[in-house]
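Structure, as structure tokens:
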Amino acid sequence: MKTYSSDKFPYLNKTEALEILSTPARDLKISSDYYKAVFCLEKFPGEDTENALLGLIQIVSNDTSIKIAKRKAIEVLAKLKCEKAIPTIFNCLESSDEYIVENAVLALKDLKPNDPLFHNLIISLLDKPQQNKRVLIQALAQLNITKASKKIKSIINDKNNSISIRGAAISAIRKLENDNQYISELEKILYSDNQNNRQSAIEDVINSGSIELIPSVANSPVSPFFRLRAIDSLWPDNQLKIDNINLLQLLDTLIKDEPKDVNIIHLY
């Protein structure tokens, strides 16, 4: 049976996938059929695909398999650049399922609706404990919603927030206001005891455009993949040297990845 290499679901053609989405949930053979259909429809853009996905999103159900399929449908509509889905996805921001809300925020971030109500709602979601604040902050920064700056600064100053959340907030303030006052804190996270925090910090450096932190990124004890990604994202085109940093020498050092060139956190 033909399968997608990245998933174990059997291949469905467009007609088969649309037929599944038109089937009432109670008549499905397997509870994951909706998700399988949505997954396959990503390969078949078109108005009928968009309408079927929109119909799925509007189903009211507490069934876990349907909720998971709805999350995927929101993601696929964003990938298909379906602007007519914006109002429906916007309504998902009020869902009781925090993962549906998170996917809706990510989708709207990509679809970029110029709607103050949407902007205000994302800002208000920062006050909901169950929501992923890091994702919300990244969306606010990428959408350049400057009126969120005051709220984001309060997150930086609240030491009860996790390091990864505060790192995203520092990155956002740098991007929204070109404010460098917290950058030294972001630099410290690059040498955190926690590997996930270090990797998140590199993402924050990239998102903030903080090219001045390249030397610290290069010394951060993470996989060379993350460090090379930062340099690829931040380094200006057609320049081999910045502030006495030679690009070729830097790349050579990262490729060799010698322990002496990294700020080692733990020694055994």
Side-chain angles (χ1 to χ4, degrees), residues 71 74-75 78 89-90 92-110 112 118-214 216-217 219-223 225-227 229-230 233-234 263 265-266:
R71 296 172 202 162
I74 292 168
E75 176 189 323
I89 297 176
F90 182 87
C92 293
L93 294 175
E94 297 181 350
S95 171
S96 59
D97 184 320
E98 67 260 38
Y99 300 110
I100 286 179
V101 174
E102 183 176 325
N103 278 30
V105 169
L106 291 171
L108 291 168
K109 177 198 70 177
D110 293 338
K112 295 180 172 60
F118 164 55
H119 299 167
N120 291 338
L121 187 49
I122 295 185
I123 295 172
S124 71
L125 288 172
L126 288 170
D127 292 322
K128 290 192 173 184
Q130 74 272 25
Q131 289 304 145
N132 187 330
K133 286 187 174 65
R134 183 173 172 85
V135 169
L136 296 173
I137 292 167
Q138 289 174 331
L140 289 166
Q142 287 183 274
L143 290 169
N144 201 33
I145 303 176
T146 54
K147 62 183 175 181
S149 294
K150 183 178 179 180
K151 184 70 176 177
I152 294 174
K153 283 183 178 179
S154 71
I155 290 172
I156 296 174
N157 295 322
D158 185 351
K159 304 300 183 182
N160 290 321
N161 287 312
S162 70
I163 289 177
S164 66
I165 290 174
R166 294 180 67 242
I170 292 169
S171 173
I173 290 301
R174 169 64 187 268
K175 185 176 188 300
L176 293 172
E177 297 192 348
N178 197 28
D179 186 340
N180 295 331
Q181 65 174 309
Y182 304 104
I183 286 298
S184 61
E185 291 188 53
L186 181 56
E187 185 175 24
K188 291 177 184 176
I189 303 174
L190 290 168
Y191 306 113
S192 165
D193 288 342
N194 183 286
Q195 178 176 317
N196 290 332
N197 287 339
R198 298 195 297 269
Q199 292 173 355
S200 294
I202 288 182
E203 181 183 28
D204 295 331
V205 170
I206 294 171
N207 291 341
S208 66
S210 300
I211 191 171
E212 69 273 21
L213 292 184
I214 280 183
S216 298
V217 167
N219 292 328
S220 180
V222 297
S223 163
F225 167 80
F226 293 97
R227 289 177 276 156
R229 177 171 171 257
S233 300
L234 294 171
N263 187 355
I265 303 293
H266 303 289

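For the atom pair CG of Asn197 and CD1 of Ile202, the computed distance is 12.0 Å after rounding to the nearest 0.5 Å. Between the CD atom of Glu212 and the CG atom of Leu234 there is a distance of 9.0 Å, given to the nearest 0.5 Å. To the nearest 0.5 Å, atom CG of residue Leu106 and atom CD of residue Gln138 are 8.5 Å apart. Put simply, CG on Asn194 and CD on Gln199 are 9.0 Å apart, with the number rounded to the nearest 0.5 Å. To the nearest 0.5 angstrom, Leu125 atom CG is 11.0 Å from Glu102 atom CD. Rounded to the nearest 0.5 angstrom, Ile170 CD1 and Ile189 CD1 are separated by 5.0 Å.
The main-chain N or O of Gly167 is never found under 3.5 Å from a side-chain atom of Ser171 such that the two would form a donor-acceptor pair. Using a distance-only test at 3.5 Å, with no hydrogens or angles considered, no donor-acceptor pair links the side chain of Arg166 to the main chain of Lys159. Looking at Arg174, its side chain never comes within 3.5 Å of a backbone N or O of Ile183 through a donor-acceptor pair. For the pair Asn157 (side chain) and Lys153 (backbone), a donor-acceptor distance under 3.5 Å is present.
Gln195 pairs by the side-chain hydrogen bond (donor to acceptor under 3.5 Å, both in side chains) definition with nothing, not counting sequence neighbours. In this view, Ser149 and Ile173, Leu176, Glu177 satisfy the side chain to side chain contact (heavy atoms under 4.5 Å, CB included) rule, not counting sequence neighbours. In this structure, the side chain to side chain contact (heavy atoms under 4.5 Å, CB included) partners of Ala169, at least two apart in sequence or on a different chain, are Ile137, Ile152, Ile155, Ile156. The side-chain hydrogen bond (donor to acceptor under 3.5 Å, both in side chains) search around Asp110 returns none, not counting sequence neighbours. The side chain to side chain contact (heavy atoms under 4.5 Å, CB included) test applied to Lys150 returns no partner, not counting sequence neighbours. Residues passing the salt bridge (Lys or Arg N to Asp or Glu O under 4.0 Å) test with Glu94: none are found, sequence neighbours excluded. Remark: Gln181 engages Asp179 in a side-chain hydrogen bond (donor to acceptor under 3.5 Å, both in side chains) (not counting sequence neighbours). Glu187 meets the side-chain hydrogen bond (donor to acceptor under 3.5 Å, both in side chains) test with Ser216; sequence neighbours excluded. Taking Ser233 as the reference, Ile206, Arg229 meet the side chain to side chain contact (heavy atoms under 4.5 Å, CB included) condition, with sequence neighbours excluded. Not counting sequence neighbours, Glu98 has no partner by the salt bridge (Lys or Arg N to Asp or Glu O under 4.0 Å) test.
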Q) After noting the C-alpha distance and the side-chain angles of Ile122 and Leu108, does the key distance pass the side-chain contact (heavy atoms from CB on, under 4.5 Å) rule? A) CA-CA 10 Å; Ile122 295 185; Leu108 291 168; 5.8 Å; no

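Under a cut-off of 6.0 angstrom, the local environment of NZ in Lys147 is crowded, with over 12 non-hydrogen atoms contributed by other residues, nucleotides or ligands.
Closest of all the heavy-atom pairs between Phe118 and Phe90 is CA-CE1, 3.2 Å. Residues Ile74 and Ala107 come closest through the heavy atom pair CG2-CB, 3.6 Å. Annotation for Pro221 and Leu190: closest pair CD-O, 3.7 Å, computed over non-hydrogen atoms. For Ala139 against Lys109, the heavy-atom pair with the smallest separation is CA-CD, 4.0 Å.
Within the 4.5 Å cutoff, no side-chain heavy atoms of Phe226 are placed close to those of Val217.
Sorted by first and then second residue, the pairs that involve residues 124-135 and meet side-chain hydrogen bond (donor to acceptor under 3.5 Å, both in side chains), not counting sequence neighbours, are Asp127-Lys151, Arg134-Glu203, Arg134-Asp204.
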